[in-house]
Amino acid sequence: MRKIGVLTSGGDSPGMNAAVMSVARSAAMYGIPLIGIKRGYNGLLRKSANLKDDMQELTLELVLDIADDPGTYLRTARCLEFKEKKYQEKAVKTLKSMQIDGLVVIGGDGSFRGAQALCDLGVPCIGIPGTIDNDLPYTEMSLGYDTAVNVCVEAIRKIRATSRSHDRPAVVEVMGRHCGDIALTAAVSTGSEIVVVPEVPWTVEGVAMQLQRQLNQGNYRATIVVAEGCWESMAPFDLYNFLTSRGKPCYPEEPMSAVRFASVMKRMCGMVEARANVIGYVQRGAEPTARDSAFAFEAGNLAVRLLRDGISNQVIGMQKGKVFYMPIEKALKKERYFNRPLFDLVNSL
Ligand SMILES: Nc1ncnc2c1ncn2[C@@H]1O[C@H](COP(=O)(O)OP(=O)(O)OP(=O)(O)O)[C@@H](O)[C@H]1O
Ligand SMILES: O=P(O)(O)OC[C@H]1O[C@](O)(CO)[C@@H](O)[C@@H]1O
């Protein structure tokens with residue numbers, strides 16, 4: 001390997017910087033110069049006027065202290081045109097011109113598809129899972145998920161404390177576009193009474209009945225944890241007619257949201273108040289937990305060792321507590337498992 005490149009792609013995730021630091025220390029130890037590529041695959045398409053805005057040599061001096069920092073030092077971005085072959089070929093040209101013989105890609109499944117495309121064009125790539133969503137079925141851990149869950153748990157505990165003081169239920173929206181893992185784990189870890197996720201179809205009336213059951217039991221401060229993407233799996237509901245007929249302004253085409261959902265619950269269950277909280281980007285911009293940082297450290301080193309040893313087109317993961325690797329193509333074909341029994345348990349107690 002003359003040089004190795006590293007990039008972060010997709011949504012940022014806590015632990016990405018720790019992985020870059022580990023890649024840098026490992027590359028330095030094996031005597032391989034390391035180039036940091038900026039803003040995901042955009043950097044490989046050389047969109048900036050100055051080379052240094054697209055890539056820079058990552059010396060130890062630059063990255064030794066970034067491991068604990070949230071966000072990603074290399075910046076990240078979505079680069080939609082990279083799905084097209086002509087742009088992938090352009091990236092290969094850039095890599096060749098920079099004498100970069102191998103690439104470490106830190107990101108989620110979309111980023112891994114990009115890495116697979118580069119592998120198909122002859123560029124050795126290794127993927128490190130970095131997404132808070134935990135939607136990569138081949139691995140038990142993805143950088144940022146543990147941190148995101150812990151941020152949610154801390155927030156929900158506080159929300160439940162004030163909900164308890166005021167005897168009023170709360171709707172808490174957490175991240176997860178197509179994946180309800182953050183919502184489910186956060187709900188289980190906080191004793192929240194109801195959880196709603198994109199994986200399981202649901203009705204507004206059904207959740208109102210669940211909440212009513214809690215109220216009937218004297219639990220006036222039940223927490224409904226909803227995953228950001230759960231509105232997609234909601235059965236059609238006439239929000240406009242429901243809210244406007246009950247004196248709450250709403251426009252005809254307005255979609256459901258945590259705030260509107262809390263309003264609907266309040267009116268369906270005849271409560272004085274129900275409050276919505278959207279935890280949002282504090283989940284993604286948090287400092288990594290020790291668990292995420294430790295995984296990043298091991299994964300970063302393994303990625304460089306694999307490239308050094310001529311092993312490529314692999315993604316790194318965690319299975320039964322051990323770091324391992326497997327072919328990207330195979331990993332992307334794995335079916336995702338959603339813990340339905342746990343989901344049913346939370347909603348049935
Ligand atoms: N099929 C594909 N072929 C080539 N590149 C792809 C493909 N899908 C995605 N990418 C590249 O990966 C980038 C990130 O993808 P995506 O937005 O799906 O995020 P991700 O890596 O899955 O992470 P997260 O879901 O956590 O945001 C895209 O903007 C694009 O540059
Ligand atoms: O940065 P954006 O485009 O708002 O992305 C949000 C999405 O990214 C994720 O945080 C994953 O990185 C999802 O949970 C969320 O739906």
Side-chain angles (χ1 to χ4, degrees), residues 7-16 19 37-47 54 70-72 74-92 94 103-121 123 125 127-139 141-149 151-152 173-186 197-199 225-233 257-258 278-286 288 292 313 315-316 328-329 331-334 336:
L7 61 83
T8 54
S9 163
D12 63 353
S13 65
M16 279 181 163
I37 291 143
K38 310 257 185 87
R39 298 179 180 81
Y41 292 109
N42 291 290
L44 290 180
L45 300 184
R46 289 296 336 272
K47 292 178 174 176
D54 284 329
T72 163
L74 292 174
R75 309 288 187 268
T76 186
R78 300 201 159 88
C79 173
L80 296 182
E81 65 265 45
F82 199 72
K83 293 181 183 177
E84 291 173 47
K85 194 154 184 199
K86 68 173 176 184
Y87 291 101
Q88 297 160 4
E89 284 169 347
K90 187 168 179 196
V92 174
T94 307
L103 189 64
V104 179
V105 171
I106 310 173
D109 62 329
S111 305
F112 285 177
R113 279 177 223 287
Q116 177 65 58
L118 287 176
C119 291
D120 293 343
L121 293 171
V123 179
C125 290
I128 296 180
T131 169
I132 61 165
D133 285 359
N134 201 39
D135 57 354
L136 291 164
Y138 77 93
T139 175
M141 259 195 95
S142 157
L143 295 178
Y145 172 66
D146 185 60
T147 307
V149 166
V151 169
C152 292
E173 183 183 295
V174 303
M175 280 180 128
R177 198 170 10 190
H178 306 297
C179 182
D181 283 9
I182 296 179
L184 180 57
T185 311
V197 296
E199 289 88 341
V225 180
V226 302
E228 176 190 25
C230 76
W231 316 118
E232 284 168 21
S233 59
S257 67
V278 178
I279 299 182
Y281 290 109
V282 292
Q283 293 157 86
R284 239 171 49 180
D292 276 332
N313 311 358
V315 282
I316 292 171
I328 302 182
E329 206 177 349
L332 286 174
K333 282 191 184 138
K334 289 244 174 196
R336 206 167 80 74

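Counting starts at 1 for both ligands and their atoms, in listed order.
Residues of the protein with a heavy atom under 4.0 Å from ligand 1 are Ser9, Gly10, Gly11, Tyr41, Arg78, Cys79, Phe82, Lys83, Gln88, Gly108, Asp109, Gly110, Ser111, Arg113, Gly114, Thr131, Arg177, listed by chain and number. Residues with a heavy atom under 4.0 Å from ligand 2: Gly11, Arg78, Ile132, Asp133, Met175, Gly176, Arg177, Glu228, Tyr281, Arg284.
A heavy-atom distance below 4.5 Å is not found between the side chains of Val315 and Thr139. Under the 4.5 Å side-chain criterion, counting only non-hydrogen atoms from C-beta, Asp181 is in contact with Arg336. Asn313 places none of its side-chain heavy atoms less than 4.5 Å from the side chain of Glu329.
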Taking distance alone, no hydrogens or angles, what donor-acceptor pairs closer than 3.5 Å link side-chain atoms of residues 83-90 to residues at least two apart or in another chain?
residue, atom, partner, partner atom, Å
Gln88, NE2, Phe82, O, 2.9
Gln88, NE2, Lys83, O, 3.4
Lys90, NZ, Leu45, O, 3.2

Cut-off 3.5 Å, no hydrogens considered: what does the side-chain donor-acceptor table look like for residues 104-114, sequence neighbours left out?
residue, atom, partner, partner atom, Å
Ser111, OG, Ser9, O, 3.4
Ser111, OG, Ser9, OG, 2.7

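The main-chain N or O of Asp12 is never found under 3.5 Å from a side-chain atom of Thr76 such that the two would form a donor-acceptor pair. When atom types are taken as modelled, the side chain of Ser142 and the backbone of Asp133 share no donor-acceptor pair closer than 3.5 angstrom. Side-chain N or O atoms of Asp292 include one that pairs as donor or acceptor with a backbone N or O of Thr147 at under 3.5 Å.
A salt bridge does not link Asp54 to Lys47: none of the charged side-chain nitrogens sits closer than 4.0 Å to a carboxylate oxygen.
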